[in-house]
Amino acid sequence: MKKFWKFGMSAGIAAMLLAGCGGEDAANEEQEIETPAEPPEEVAEADFPVTLVDALGEEVVIEEEPQTIVSMVPSTTEISYELGLGDKMAGLSDFDNYPEETADVEKIGGQEFNVEKVISLEPDLVISHESGISTWEEGLQQLRDAGLTVYVVNNETSFEEVYDSITIIGQATGATEEANALVQEMQVQVDEITEQAQGIEEPKTVFVEVGSEPDIYTTGSGTFIDEMLTMINAENMAGDQEGWASMDPEAIVEGNPDVIVTTEGAYKPDAVQQIKERSGFADVTAVQEDAVYNLDSDAVTRSGPRLTTGLLELAQAVYPEVFSE
């Protein structure tokens, strides 16, 4: 057995998407998985002032290396801390829970943020995210009108897009070398897992449950989890769906997955037992073989550095005979 690294250092689907951040776009088509390219050399050589174009098509000029930063979503927060910017974080979202140091930083709100609070923190840079733009657009304009520099990071639905976000945040904050190193480390970790998975001769069918109340939700094509299942040589039972889709319990039973994974994690510690006790589920292969697992939602849906940890945890759940600690 190959010994793997360890990376590292639900109120409703909408809130869960924002907390995970940033959410997964159901309109995106299923992508072809390939080894990510290294970040372009010119990014590593960037100097201030830096001019970037954000997710809204806005040209954002960052005159000097930011010394105080506000991050509005957990994914950009985790990227920032992994790039060594923790000491510069002046404000974070209410959803931020990793790393532990985030607990000590001023909070600015969740799905709706406190404009006055952000302005009072006088950040050199506000890092926002496209996933919340429908709610935040007016507030972000107020921040710009107050003289703050706001950069909106693109939605990510693939590892490649996460690498791009890490690179751009590094460029915006003066941490280009750290960003390039982080991307390359993640690429190596993904390559380790996909290489190990190539030897699997009988791929398993997996149903992934990302929410259960009031309806059961799963992830189809154009999502991180669908990409992860492809990477580990497993079949997504909901692969014919797009984005985050609702699934009837009877359809899950009929699909008879080999493995069921719930990503409700610590938010619902009894999720596995509830799944096993559902009507008709006793006949499902995953239940009969005790192959129902509860994984950390943040690691497998949050578009940041811990995605590689989530990928490994998913691989170990689906193929415990192949992947080991």
query: Is a donor on one side and an acceptor on the other found under 3.5 Å between the side chain of D94 and the backbone of G109?
result: yes

Requested in this report: For N256 and T285, indicate whether the former's side chain and the latter's backbone hold a donor-acceptor pair under 3.5 Å.
Outcome: yes

Checklist entry - If only atom types and distance count, is the side chain of T308 paired as donor or acceptor with the main-chain N or O of P305 below 3.5 Å? => result yes

Looking at side-chain heavy atoms only, is the closest gap between R302 and L307 below 4.5 Å? no

**Message:** Could you check whether K204 pairs with E321 (Lys NZ or Arg NE/NH1/NH2 to Asp/Glu carboxylate O, under 4.0 Å)?
**Reply:** yes

Side chain of K88, backbone of P66: donor and acceptor closer than 3.5 Å?
yes

message: For the backbone of V53 and the side chain of Y151, can you confirm whether one donor and one acceptor N or O come within less than 3.5 Å of each other?
response: yes

Exercise. Between R278 and E209, does at least one N-O distance fall below 4.0 Å, as a salt bridge requires?
Worked result: yes

Is there a side-chain contact between V261 and V206 (heavy atoms, below 4.5 Å)? yes

Inset, instruction - Answer whether the closest heavy-atom distance between the side chains of I260 and F281 falls below 4.5 Å. - result: yes

Exactly one of T102, T77, D298 clears side chain to side chain donor-acceptor pair (under 3.5 Å) with N97, and that residue is D298

Can you see whether D191 engages Q187 through a side-chain donor-acceptor pair at a distance of less than 3.5 angstrom? no

Hey, does the side chain of N236 reach the backbone of T219 with a donor-acceptor pair shorter than 3.5 angstrom?
-> yes

* Side chains of D124 and I69: closer than 4.5 Å at any heavy-atom pair? -> no

CG (L182) and CD1 (I79) are apart, to the nearest 0.5 Å, by 8.0 Å

Between the OH atom in Y319 and the CD atom in Q196, the distance rounded to the nearest 0.5 Å is 12.5 Å

message: With side-chain contact (heavy atoms from CB on, under 4.5 Å) as the criterion, how do E63 and V61 come out once you've worked through the C-alpha distance, each side chain's angles and the decisive distance to 0.1 Å?
response: CA-CA 6 Å; E63 297 289 350; V61 179; 3.5 Å; yes

Sub-3.5 Å donor-acceptor pair from the side chain of D226 to the main-chain atoms of A238, do we have one?
no

*asked:* Quick one, N155 and E161 - any side-chain contact, counting heavy atoms below 4.5 Å?
replied: no

Here the gap from Q316 atom CD to L295 atom CG, rounded to the nearest 0.5 Å, amounts to 9.5 Å

Distance col, row I225:CD1 vs T263:OG1, nearest 0.5 angstrom, shows 5.0 Å

For the side chain of E264 and the backbone of V210, is there at least one donor-acceptor N/O pair under 3.5 Å apart? no

**Report entry** Donor-acceptor pair, side chain of S128 and main chain of M72, under 3.5 angstrom
**Finding:** no

TODO: For residues T301 and T223, determine if any side-chain heavy atom of one lies less than 4.5 Å from a side-chain heavy atom of the other.
DONE: no

Which of E78, E82, E313 passes salt bridge (charged side-chain N to carboxylate O under 4.0 Å, His left out) with R306? Answer is E78

In this structure, OG of S158 is separated from CZ of F224 (nearest 0.5 Å) by 6.5 Å

| message | I'd like to know if the side chain of K107 and the backbone of V105 have a donor-acceptor N/O pair within less than 3.5 Å. | response | yes

- Message: With heavy-atom distances below 4.5 Å as the criterion, would you say the side chains of V259 and F207 are in contact?
- Response: no

